[in-house]
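The structure appears right after this line, and notes come after that.
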Amino acid sequence: MANPIRQKEIDERVGKFADKFWGAFQMTENGRVKSTILLYSFCLCWVLLALYGGCFALLNPWLDGLLSGSGLPVWLISLVEALVPAAAGTAVASLAWLLPSDKRLLPASYLWLTLLMLACLIGLMVLMGWGNAGLVLQFFGMFVLAPLALGLGSSLLAYYLYWKKRPPAGDPARPWKRRENL
């Protein structure tokens, strides 16, 4: 039998976390969003989805026509047809790094995209049945995993390099603690 006091504590923690998370999407008194990074990254993830979809729609017919009669193994043709549009989409998406906005925006967008794609994978597995898991996973691996791996990996690497090179933040309350340019 479960302990009702312990269950109540767990429910309160989960409730506080949910209120804190959803509170980030609420407006402040002056009409602004509390967390713009969540809102902007969520919107940018839909732009990235359209960008990758466009790259696959434009490049795969051309690649298929180019590689179909080449005598290459099917697995290699599938790999090329997955990686080339994903790399092209990642290159175009990386241009968002040049915007003078918050540098966390692109990695956060890829994290939203990852969450959306996991939800789609679970939905596909439920709708298609667990017996067709091989087909669903093949589709997922070719059209979803390659763009997510390339995009998320490159954006996290770029953000890490940016974070490593950024100047240290000075504390205005304690000027003696500021580090000079070393």
Side-chain angles (χ1 to χ4, degrees), residues 14-28 32-64 67 75-130 132-166:
V14 170
K16 285 180 184 178
F17 176 77
D19 290 341
K20 190 176 181 181
F21 176 77
W22 291 113
F25 292 100
Q26 294 176 348
M27 301 286 189
T28 61
R32 294 180 183 228
V33 179
K34 287 184 182 178
S35 178
T36 57
I37 188 79
L38 282 175
L39 182 63
Y40 292 163
S41 62
F42 183 73
C43 293
L44 184 59
C45 89
W46 291 100
V47 173
L48 293 176
L49 184 65
L51 173 72
Y52 282 114
C55 285
F56 275 99
L58 290 175
L59 293 177
N60 268 356
W62 176 75
L63 284 171
D64 191 46
L67 298 174
W75 68 269
L76 185 60
I77 292 173
S78 296
L79 185 67
V80 169
E81 288 179 354
L83 290 178
V84 170
T90 301
V92 174
S94 296
L95 294 176
W97 189 259
L98 301 175
L99 296 174
S101 64
D102 192 353
K103 298 300 182 187
R104 299 174 297 173
L105 185 63
L106 196 59
S109 299
Y110 277 109
L111 289 176
W112 274 115
L113 196 58
T114 302
L115 290 174
L116 290 172
M117 292 304 114
L118 284 175
C120 287
L121 175 65
I122 292 168
L124 276 173
M125 295 292 274
V126 168
L127 288 175
M128 301 254 327
W130 297 102
N132 295 327
L135 180 64
V136 171
L137 291 175
Q138 181 181 3
F139 173 79
F140 185 80
M142 185 170 177
F143 294 110
V144 176
L145 198 58
L148 281 181
L150 287 175
L152 186 61
S154 67
S155 68
L156 287 176
L157 177 66
Y159 182 71
Y160 173 74
L161 294 174
Y162 167 78
W163 179 77
K164 199 173 175 183
K165 290 182 182 179
R166 80 182 194 293

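Because only heavy atoms are used, hydrogens play no part in the values below, and waters and symmetry mates are left out as well, while side chains stay in. Since this is a predicted model, take the numbers as computed values, not measurements.
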Original post:
If every non-hydrogen atom of A88 is compared with every non-hydrogen atom of L59, which pair is closest and at what distance?
Top reply: CB-CD1, 3.8 Å
Subject >> Any pair counted as side chain to side chain donor-acceptor pair (under 3.5 Å), so long as it reaches residues 41-50, sequence neighbours left out >> reply: S41-W112
Original post:
What residues, two or more places apart in sequence or in another chain, satisfy side-chain hydrogen bond (donor to acceptor under 3.5 Å, both in side chains) together with T90?
Top reply: Y52
Original post:
Measuring from L106:CG to L48:CG, what's the distance to the nearest 0.5 Å?
Top reply: 6.5 Å
Original post:
Which atom pair, heavy atoms only, marks the closest approach of L116 to C45?
Top reply: CD1-SG, 3.5 Å
**OP:** Indicate yes or no for a side-chain donor-acceptor contact from K103 to the backbone of W97 under 3.5 Å, with no hydrogens or angles considered.
**Re:** yes
**OP:** Nearest 0.5 Å please: distance from the CD atom of E81 over to the CG atom of L67.
**Re:** 6.5 Å
Original post:
Taking only residues two or more places apart in sequence, or in another chain, which ones meet D102 in a side-chain hydrogen bond (donor to acceptor under 3.5 Å, both in side chains)?
Top reply: R104
Pair up each side-chain donor or acceptor in residues 136-160 with any protein partner under 3.5 Å, not counting sequence neighbours, and list the distances.
| unit_1 | atom_1 | unit_2 | atom_2 | d |
| --- | --- | --- | --- | --- |
| S154 | OG | L150 | O | 2.9 |
| S154 | OG | G151 | O | 3.2 |
| S155 | OG | G151 | O | 3.1 |
| S155 | OG | L152 | O | 3.2 |

Original post:
When L44 is tested against each of L49, L39, L105 for side-chain contact (heavy atoms from CB on, under 4.5 Å), which residue passes?
Top reply: L105
Subject >> Reported CD1-to-CE distance for the pair I122 and M117, which is rounded to 0.5 angstrom >> reply: 12.5 Å
**OP:** Among residues two or more places apart or on two chains, list those pairs meeting salt bridge (Lys or Arg N to Asp or Glu O under 4.0 Å) that have a residue in residues 35-61.
**Re:** none
